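Reading through the structure tokens given below for one structure.
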Amino acid sequence: MDIEYGNSLDPHEDELLEAMNAAYVFPGFYPVVLIMRNVEGVRPFVDAAVAYVQDGDTYTVTEKASSKGTYLSFHLQLWVADARCALRRKEELRTLDGAVSIL
């Protein structure tokens with residue numbers, strides 16, 4: 001059985017949201033680094049996924065290959081209304097097929 005804590009299953013989410021609000025100005029840009037395997041078509045896939053998650057909100061995407069070229073790090077700047085929105089969008093991106101890590 002899942003125990004819900006407010007709008008989340010995470011009992012520490014309120015603490016995380018408080019820390020995010022202390023570190024960032026909302027509404028505003030929120031930085032996310034998405035690490036993906038470097039496979040054919042990954043950049044258009046990431047672009048489409050970020051556009052979908054942002055649902056019309058502004059964003060930027062830059063990429064950098066790992067030293068061996070096995071992975072790509074995508075540095076995102078997501079325009080979000082508040083910390084909860086930033087957290088939700090980051091969680092959506094975490095579920096992308098091929099995602100290795102998200103920071």
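In what follows, every heavy atom counts, from backbone to side chain, and hydrogens, waters and symmetry copies are set aside. Note that this is a predicted model, so its numbers are computed, not measured.
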Assigning hydrophobic clusters by single linkage (Ile, Leu, Val, Met, Phe, Trp, Tyr; side-chain heavy-atom cutoff under 4.5 Å), is Val33 placed with Leu96?
no
Quiz item: Salt bridge between Glu91 and Arg84, side-chain N to carboxylate O under 4.0 Å?
Solution: no
Quiz item: Is there a side-chain contact between Leu76 and Leu93 (heavy atoms, below 4.5 Å)?
Solution: yes
Do Gln77 and Tyr30 come within less than 4.5 Å of each other through their side chains, counting heavy atoms only? no
Interatomic distance, OG@Ser73 vs CG@Asn38, rounded to 0.5 Å, equals 10.5 Å
Any heavy-atom pair between the side chains of Leu78 and Val50 that's under 4.5 Å? yes
Quiz item: When clusters are formed by joining ILVMFWY residues with side-chain heavy atoms under 4.5 Å apart, either directly or through shared neighbours, do Ile35 and Tyr59 land in the same one?
Solution: no
Rounding to 0.5 Å, atoms CD (Glu13) and CD (Glu15) come to a distance of 11.0 Å
For Pro31 and Tyr24 the tightest heavy-atom approach is CD-CE2, 3.5 Å
Smallest heavy-atom separation, Asp97 atom then Phe45 atom, equals O-CE2, 3.5 Å
Between the SG atom in Cys85 and the CD atom in Gln54, the distance rounded to the nearest 0.5 Å is 7.0 Å
Item to complete: Please determine if Glu92 and Arg89 form a salt bridge, counting it only when a charged side-chain N lies under 4.0 Å from a carboxylate O.
Response: no
Nearest heavy-atom contact between Gly41 and Pro44 is O-CD, 3.2 Å
Margin query: I'd like to check Leu34 versus Ile102 (side-chain heavy atoms, cut-off strictly below 4.5 Å). Are they in contact?
Written below: yes
Correct closest heavy-atom pair for Ala99 and Arg94 would be CB-O, 3.9 Å
NE2 of His75 to CG of Leu103, rounded to nearest 0.5 Å, is 9.0 Å
For residues 59-70, the salt bridge (charged side-chain N to carboxylate O under 4.0 Å, His left out) pairs (sequence neighbours left out) are Arg43-Glu63
* For the pair Val80 and Leu87, evaluate side chain to side chain contact (heavy atoms under 4.5 Å, CB included) and give the outcome as yes or no after the intermediate values. => CA-CA 10 Å; Val80 294; Leu87 193 58; over 6 Å; no
_Any heavy-atom pair between the side chains of Val42 and Arg37 that's under 4.5 Å?_
no
Residues at least two apart in sequence or cross-chain that pass ring pair (Phe, Tyr, Trp, His ring centres under 6.0 Å) with Phe29, listed by chain then number, are Trp79
For Met20 and Ala86 the tightest heavy-atom approach is CE-CB, 3.7 Å
